[in-house]
Amino acid sequence: MAKEKKIVVKKQAYIANDEIADQIRVEMEEKNKLFFNIMGSIGAGKTLLLERIAEKLSSKYRIFVINGDVATTIDADRIAKQGATTVQINTGGGCHLTAKLILSELDKIDIDSYDIFFAENVGNLICPSSWDIGAQLNIVVVSITEGEYVIKKHPIIFKGADIAIINKCDIEGSDFDSKVLREDATKIKSGMKVICTSAKTGLGVDELINTLGIKFP
Amino acid sequence: MHEYSLAVAIIDQVKAIVKQHKANRVKKITVSAGPYEMVIPDLLYEAYDIIVDELDKFRGSKLELIMKPAEITCLNCDYKGEPSKEKDEEFAFNFKCSKCDSRDTHLNMQYLTIETVDLEIPE
Ligand SMILES: Nc1nc2c(ncn2[C@@H]2O[C@H](COP(=O)(O)OP(=O)(O)OP(=O)(O)O)[C@@H](O)[C@H]2O)c(=O)[nH]1
Ligand SMILES: [Mg+2]
Ligand SMILES: [Zn+2]
């Protein structure tokens, strides 16, 4: 005969992910490495920004970029052309990276062979916000072309972000200006650092690099 | 859209509990979530059913999701708990502190919690 038993658990479902994320963060900090999580909407310019960053920094720093996409290695190939080492994770149907996915890529390399790490998360303003990947700073990229309500409509991801980037500022002035988005980001999270960039012209990229605490070559 | 990964995370944790209690099978898992964690109950149930159909000790078990109220931390007065009922017209998640009325509040996320697990255990 079997009997029934109710077990009281009271544990967060994300705990396994969060433990791995903490482990990554501790290791990176111990080894004096920087690790940034770049999240943002589809086509906001995450990859082009990383290309600009790699272009400016790869003469001095060894940069490692983990690209998350549902399919293809297009983004990893683009950034590799600018002097970074890149690896592409294809998540299949998955709409976000996880700490486990990051760890399995880091396990394949020698962390000491690099100085700065970036993860380009899957283009999505909803799911990546719930999954800590162990980065020291979380960055959200949106762009002018997504309209003036994009931050209002996706507040959660901004609540958990350290830096908000409003990209494609070169096409500013079409229907509204980036001030609305800047104000929304700071209203949603007080003290949020907001940077207007153009990954196309390079505007704001130096400010971003400074904000990340990286010294110029 | 991340309901599938959540279902996997829940099941992985319960697998360890099953082992620990040497249970024959799982009858029910009760989880709770706040309203702003973007968990769509039906998608979570669907993902759960698909996954457990492949697992002997989980097949036929039930997942129950209980919705909890939002929980905030006030950055002004350190209050922790349910926000004021008064909504912000402009920002869906800019909750007002029920103690000091500040809207400088942090929404406590990620509390999809496994509450209880009903197991069938050999006598
Ligand atoms: N005008 C302008 N176009 C840009 C800018 N940044 C990116 N783009 C263009 O926008 C398109 C998408 O840019 P990506 O860098 O691929 O965007 P992404 O966020 O990496 O996109 P996914 O990885 O697919 O989510 C490309 O055609 C870029 O050339 C910018 O600052 N200004
Ligand atoms: Mg990209
Ligand atoms: Zn307060």
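Just so you know, these numbers use all the heavy atoms, side chains as well, and skip hydrogens, waters and symmetry mates. So that the names make sense, note that chain A is the first sequence line, chain B the second, and so on, each numbered from 1.
Of the atoms belonging to Gln13(B), it is side-chain heavy atoms, and not backbone ones, that fall under 4.5 Å from chain A. Proximity to chain A (any heavy atom under 4.5 Å) is shown, for Asp118(B), by both the backbone and the side chain. The part of Leu75(B) that comes within reach of chain A is its side chain, from C-beta onward, which places non-hydrogen atoms under 4.5 angstrom from that chain. If you measure heavy-atom distances from Leu119(B) to chain A, the contacts under 4.5 Å come from both the backbone and the side chain.
Using a 30° and 60° split on the angle between ring planes, His96(A) and Trp131(A) fall in the parallel class, below 30°. Note on ring orientation: taking the six-membered ring where Trp is involved, the planes of Phe118(A) and Phe36(A) are tilted (angle from 30° to 60°).
Screening Asp69(A), Asp77(A), Asp75(A) for a side chain to side chain donor-acceptor pair (under 3.5 Å) involving Thr47(A) leaves a single residue, Asp75(A).
Side chain to side chain, Ser98(B) and Tyr79(B) meet the donor-acceptor criterion of an N or O pair below 3.5 Å.
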